[in-house]
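Positions are given from 1 along the sequence.
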Amino acid sequence: MRKSRARSGRPAAKSGIAGAAALMGVAALVVSAVPGQAVAAAGKAPGEVIPGKGTSTPSLVDGIREGVRASGSAADAAREHLADKPGRYHIAAPGRDLRPVQTAASGRDETVRLQQKYGGVDVLGGQYVVRMEKKDGKRVVTGTSGKYFTGLKADTKAEVSEELAVRRAVEATLRELGGTWLGTGAKAARSLTGTAHGLVIVPKGPGVLTHHVTVRGTDPADGRPVLREVYIDAKAGFPVLQYSGIKTFGGEGTARSAATASAKSAAAAAKSPAKPTDGVSPGIAGSGVKYDGTTVELGLFKDTARNEYVMRDYSRMWDSTKNLVSTWDARGKDVSEASGAWPAGIKEFGSSGPNFGKEATESGAVDAHWAAGKVYDYYKKVHGRNSLDGRGMAINSLVGVTRFGGAYVNAFWDGTKMVYGGGDDEYKTLSADLDVVGHEMTHGVVENSANLVYAGQSGALNEALADYFGNSIAVDAAGMSMDDPDAGLLGGDLCRTKKPRQCAFRDLNDGKTTSKNFLGVGFSTDNGGVHMNSTIFSGALWNIRRDVGRTLADRIVYKALTEYMTPLDGFTEGREAVIAAAKSLGVSAKDLNTVTRSFNARGIVPDWELALGVDTDLLSGRLNTAGTGVGAGGGWWAASRSNDDGSEAYSVWAGRADGSGSPKLISPNDGRYHAYPATDGKTVVWVAVGKDGMDVLSRPLAGGPTKKLYSSAGINTVRVEGDVVVLEEQSGFGARHVGYLRPGDKAPTWVDDRREDTETAMPSVGGGRIAYARITSQGDDFRSVTEVLDPRTGKVTRTGENRKPSAIGQTGINGTHVFWLAHEFDAQGKGGSAVRRANLDGTGVTDLNREKGAQALFPLDLTASESAVTVTSLPPETATGNEALPKLYQFAADGSTDPARARVSCNRGEQSSAAAVGGKQVVWLDGTTGYTDLVTRTRPAGSCG
């Protein structure tokens, strides 16, 4: 992956490790309550039955030949087979609970995909596949696979309206975009809209009924399009799952997802050129010169209205749907205009003659058009697949998009089309490498077959398959040996001046394994590691291709994708699918052993997750929560947690930071989500989120009644010290305001009087004072400062007002100093982020992090004690792999520089939501084990070098 990872001039939003065990991939979200079992029905036993995890329905049945009726549809026959084997499948009513979504036929083979419904509501990722053969008037079932959740007991009646669900989804997305920095929130809110798609059951435990909402818009901080899939608990209105799903070539932190199926169809129909009428020829052959200097043939059409030859290829699908392969000129169009939408005013690339010239080469149009045809031909000739959906859909490529008018070094599939960035001084346009085009078009193939959810392990599997086929197509087209040291590179041909390995995004021959390289991260980071972890699996596939041969390997992997895999499959299920596909194709014992050995070598074996280790002290394991934060103080911690399968609404627990004693349940279990806890070692304060709004609640650690302090439609943060409770409120339009409550107050005292031209946020409390960030509008500009308020006297001290950061991040305060994050980037993305400190009287402003350039951190969050300041940060720009994840760095609060900074922990996974206990001790949420664990260290680990 490119070392800069498209940081776009600002740190990513606060991650908050994705919960419900989601770090192992979305598949880990869906552990049902029934123990796994699989019993063969009477009669001929299956050759192989792999039990499902947490469900009575097997994840895979193979090696059978069981007759089923030949008349009628394949879907009816498939459901009849499942109904006839209740002792094996434990599906009581397939005709009612399984809806056919796709039937694919290839020769005599039939593959039926069935979507699980519970009480008439779709189950996220609940898909079961039945494989059959039909020959000589007879039909037999040869195998099944997938996920059917037998332990569901969810209530299917929503108590939260769609309107509220949409608002909560937009607010949740807003927290992801602007929650870490003050200066972008209100703009972001105005740029976001949500669309509800109905009820969906997220299959955690007995199931959680949710509203599925897609949030679209533009991130005002960096211009990237926003398109997130958010699932809001339909009983309490809390976001239980959210991720982005646009399939990028290189990770961007907040990748965007595809539009809904209906929107896809409408956009394609409205924007693609009309099909030719009868009598129109299928086009002509022209030519162009690729970036590498090779002259290639292009499928063109003579557009008489434009009097030009245009990149519109009718020939490939002329005998089926007459759909087109078209390449569009999107130069000068911002990337935000091209995701899930069609930029206004663009045209297909054109030329006065059939031989395209230099402009078409340098724009990447020649490469994009030629490569799209090559990828289409590969899937058609090798696998018999007619276009990306297998049914002859149109193929559209948009070339040359920018971001804020500057460089966009990435490419993506948005569900309807491929979009390629125009590149920069070192990177050619992204269409100039066949493996990039093959990668993005394969995302379309995956989406229209297994439809692997683009988050966590299933998302990494999605990326792995796109990488595998993109690389395979490019390597074969180049006539490259699989033993070539550069054969496994993705994006290596994009370099303008450097060698391929220096700018390649990934290497399938990188040798990564689960035990050494798997990274536990939340969905806010690379969608749960979809790019970071992908080469573990794609590397195994690449090894198979090298060792058993290209053609056989491609057939095995394609068969596994299209006939075995289902949306929530992770690495283990992917392994099972590939091995089963190899067996189905009748490979030799030697080749089957090679397939198995390739997965073993990459550590993809059953229960591989158990091998992940840590160097921290565990306070509470597997919280199964997301985006709820952690509180600490006075030797205590406070955190939200769910139950073992993540299906229950969150409760607040508290415990001693030294690990002694048993944690205490603080909040009531009343169906609401109890989140964002804070404690000073005497009192715990938190927010209860329900269908009627949000309540700020408090309870003494020593015991006593829970008190409601304040109610609001939106609370982001609470803090507590003694008898003062500080909160940050956020309106539906993104405006943020800090207030505080003292004993007996019925409403907060607002530090900014909730003025329309002012926002305050990022509060902290310590030493009897409150610190927060303030931004005040001044026409089209704004003024940003950090303020310290003494609630006893009302006195406000401003710090750093002679410095003008682009945005201010989290504050911290102790008895002698105030700390904050300052983000200073200009329109060209030049600048940096500082961990800043000042005396309480506003004097002595200085930066604790003195590293610049490649060694500079990208801080996201901050927490302070009397002796230490701990920062959650992206590491230096040069870091890759494990070191590319958010980590904790600690500075001395007094500014001493020996050492200037230290890593708090050398854990491999993502670290977030740090809270200072006292001294150098910190508690935080850690993803190294693949789950949301609350951990601690009493002193920094050092350099971790």
Visitor: Of all heavy-atom pairs between Val684 and Ala654, which one has the smallest distance, and what is that distance?
Guide: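 Scanning both residues, the minimum pair turns out to be CG2-CB, 4.2 Å.
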Visitor: Within this structure, what is the CH2-OG1 distance for the pair Trp636 and Thr679, rounded to the nearest 0.5 Å?
Guide: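 Trp636 CH2 to Thr679 OG1: 8.0 Å, rounded to 0.5 Å.
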Visitor: Return yes if some donor-acceptor pair links the side-chain N/O of Asp753 with the main-chain N/O of Arg755 below 3.5 Å, else return no.
Guide: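 Not a single qualifying donor-acceptor pair exists.
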Visitor: Check side-chain contact (heavy atoms from CB on, under 4.5 Å) between Glu787 and all other residues, then give those that pass, not counting sequence neighbours.
Guide: Tyr772, Arg774, Val785, Val796, Arg798
Visitor: Evaluate the side-chain proximity of Leu727 to Val685: yes if any heavy-atom separation is below 4.5 Å, no if none is.
Guide: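 Side-chain contact under 4.5 Å: no.
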Visitor: When you look at CG of Asp644, are more than 12 heavy atoms from neighbouring residues, nucleotides or ligands closer to it than 6.0 Å?
Guide: no
Visitor: Checking Glu729 against Ser712: is there a side-chain donor and acceptor pair closer than 3.5 Å?
Guide: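 Yes - a donor-acceptor pair under 3.5 Å links their side chains.
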Visitor: Any ion pair linking Arg168 and Asp233 (charged N to carboxylate O, less than 4.0 Å)?
Guide: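 No.
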Visitor: Is a side-chain N or O of Gln911 found less than 3.5 angstrom from the main chain of Leu888, in a donor-acceptor match?
Guide: yes
Visitor: Between the side chain of Lys204 and the main-chain N/O of Gly646, is any donor-acceptor distance below 3.5 Å?
Guide: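 Checked: pair present.
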Visitor: Between Gly621 and Asp933, what is the shortest heavy-atom contact and its length?
Guide: CA-OD1, 3.4 Å
Visitor: Test side-chain hydrogen bond (donor to acceptor under 3.5 Å, both in side chains) on Ser647 and Asn643 and set out the steps.
Guide: CA-CA 7 Å; Ser647 61; Asn643 59 342; 3.2 Å; yes
Visitor: Measure the shortest side-chain to side-chain distance between Ile715 and Thr717 over non-hydrogen atoms and say whether it is less than 4.5 angstrom.
Guide: no
Visitor: Looking at CG of Asp926 and OG of Ser905, how far apart are the two atoms once the value is rounded to the nearest 0.5 Å?
Guide: 6.0 Å
Visitor: Would you please test Ser912 and Trp924 for side chain to side chain contact (heavy atoms under 4.5 Å, CB included) and show each step?
Guide: CA-CA 6 Å; Ser912 71; Trp924 71 93; over 6 Å; no
Visitor: Residues two or more places apart in sequence or in another chain: which of them pass side-chain contact (heavy atoms from CB on, under 4.5 Å) with Thr863?
Guide: Thr870, Ala914, Ala916
Visitor: Considering only heavy atoms from C-beta outward, does the side chain of Thr799 approach that of Val818 to under 4.5 Å?
Guide: yes
Visitor: Given the rule in the side chain to side chain contact (heavy atoms under 4.5 Å, CB included) test, do Thr872 and Leu862 qualify, once you have shown the distances and angles that lead to the verdict?
Guide: CA-CA 6 Å; Thr872 306; Leu862 176 151; over 6 Å; no
Visitor: Got a sec, which pairs hit salt bridge (charged side-chain N to carboxylate O under 4.0 Å, His left out) with one end in residues 687-697, sequence neighbours left out?
Guide: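 Pairs touching residues 687-697 that pass the test: Glu159-Lys691, Arg672-Asp695.
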Visitor: Indicate whether the side chain of Asn907 and that of Thr616 have a donor and an acceptor atom separated by less than 3.5 Å.
Guide: yes
Visitor: With no hydrogens and no angle check, do the side chains of Gln921 and Thr936 hold a donor and an acceptor under 3.5 Å apart?
Guide: yes
Visitor: Do the ring planes of Phe238 and Tyr673 sit parallel (below 30°), tilted (30 to 60°) or perpendicular (above 60°)?
Guide: parallel
Visitor: Yes or no on side chain to side chain contact (heavy atoms under 4.5 Å, CB included) for Ile808 and Thr786, after CA distance, side-chain angles and deciding distance?
Guide: CA-CA 8 Å; Ile808 298 180; Thr786 301; 4.0 Å; yes
Visitor: Would a 4.5 Å heavy-atom cut-off, applied to side chains only, mark Val835 and Leu821 as touching?
Guide: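 Heavy-atom side-chain distance check passes, below 4.5 Å.
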Visitor: Is Asp790 reaching over with its side chain to a backbone N or O of Arg792, donor-acceptor style, under 3.5 angstrom?
Guide: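 Flag set: sc Asp790 to bb Arg792 pair under 3.5 Å.
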Visitor: Applying side chain to side chain contact (heavy atoms under 4.5 Å, CB included) to Val121 and Leu209, what does each step give before you reach the verdict?
Guide: CA-CA 9 Å; Val121 179; Leu209 183 68; 4.3 Å; yes
Visitor: Is a side-chain N or O of Thr625 found less than 3.5 angstrom from the main chain of Thr628, in a donor-acceptor match?
Guide: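 A pair under 3.5 Å: no.
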Visitor: Quick check: does any side chain N or O of Ser867 sit under 3.5 Å from a backbone N or O of Gly919, one acting as donor and the other as acceptor?
Guide: yes
Visitor: Between Asp615 and Arg937, is there a salt bridge with N-O shorter than 4.0 Å?
Guide: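 Looking at Arg937 and Asp615, the cut-off is met.
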Visitor: Check the side chains of Ser651 and Asn669 for a donor-acceptor pair under 3.5 angstrom, ignoring hydrogens and angles.
Guide: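 Their side chains do contain a donor-acceptor pair, which is all the 3.5 Å distance test asks for.
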Visitor: Which value, rounded to the nearest 0.5 Å, describes the distance between Thr210 atom OG1 and Ile201 atom CD1?
Guide: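 Going from OG1 on Thr210 over to CD1 on Ile201, the span is 8.5 Å.
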Visitor: What's the spacing between Trp686 CH2 and Ser698 OG if we round to 0.5 Å?
Guide: 7.0 Å
Visitor: Closest approach of Ala632 and Val923, non-hydrogen atoms and distance?
Guide: CB-CG2, 3.8 Å
Visitor: Please tell me if the side chains of Tyr740 and Ile770 come closer than 4.5 Å, counting only heavy atoms from C-beta onward.
Guide: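 The answer is yes, as the side chains (C-beta and beyond) meet within the 4.5 Å cut-off.
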Visitor: For the pair Gln810 (side chain) and Pro763 (backbone), establish whether a donor and an acceptor sit closer than 3.5 Å, ignoring hydrogens and angles.
Guide: yes
Visitor: Arg736 pairs by salt bridge (Lys or Arg N to Asp or Glu O under 4.0 Å) with which of Glu728, Glu759, Glu171?
Guide: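 Looking at Glu728, Glu759, Glu171, the match for Arg736 under the salt bridge (Lys or Arg N to Asp or Glu O under 4.0 Å) is Glu728.
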Visitor: Counting distance only, does the side-chain N/O of His817 pair as donor-acceptor with the main-chain N or O of Leu840 below 3.5 Å?
Guide: no
Visitor: Are more than 12 heavy atoms, taken from residues, nucleotides or ligands other than Lys920, located less than 6.0 Å from that residue's NZ atom?
Guide: no
Visitor: From Ile232 CD1 over to Ser161 OG, what is the distance, rounded to the nearest 0.5 angstrom?
Guide: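 Taking CD1 in Ile232 and OG in Ser161, the distance rounds to 11.5 Å.
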Visitor: Salt bridge or not between Asp658 and Arg656? Use side-chain N to carboxylate O under 4.0 Å.
Guide: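 Looking at Arg656 together with Asp658, the answer is no, because their closest N to O distance does not fall below 4.0 Å.
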Visitor: Between Thr811 and Met762, is there a donor-acceptor pair closer than 3.5 Å when you use the side chain of the first and the backbone of the second?
Guide: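 Here the side-chain-to-backbone pair exists.
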Visitor: Please determine if Arg622 forms a cation-pi arrangement with Tyr931, meaning its NZ or CZ atom is less than 6.0 Å from the six-membered ring centre and no more than 45° off the ring axis.
Guide: yes
Visitor: Heavy-atom distance under 4.5 Å between the side chains of Val725 and Leu709, does that happen here?
Guide: yes
Visitor: Could you tell me the separation between the CH2 atom of Trp637 and the CG atom of Leu619, rounded to the nearest 0.5 Å?
Guide: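 Taking CH2 in Trp637 and CG in Leu619, the distance rounds to 6.5 Å.
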Visitor: Side-chain contact, heavy-atom cut-off 4.5 Å: Phe819 with Ile813?
Guide: no
Visitor: Which heavy-atom pair separates Arg699 from Leu665 by the least distance, and what is that distance?
Guide: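 Taking Arg699 first and Leu665 second, the nearest heavy atoms are NH1-O, 3.5 Å.
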Visitor: Does the pair Glu163/Arg167 count as a salt bridge with the N-to-O cut at 4.0 Å?
Guide: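 Answer for the salt bridge query: no.
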Visitor: Hey, is the main chain of Ala702 close enough, under 3.5 Å, to the side chain of Lys682 for a donor-acceptor pair?
Guide: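 No.
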Visitor: From the options His211, His212, His197, select the one residue that forms a ring-ring contact (aromatic ring centres under 6.0 Å, His included) with Tyr231.
Guide: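 Considering His211, His212, His197, a ring-ring contact (aromatic ring centres under 6.0 Å, His included) with Tyr231 is found only for His212.
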Visitor: Between Arg641 and Ser620, is any side-chain donor less than 3.5 angstrom from a side-chain acceptor?
Guide: yes
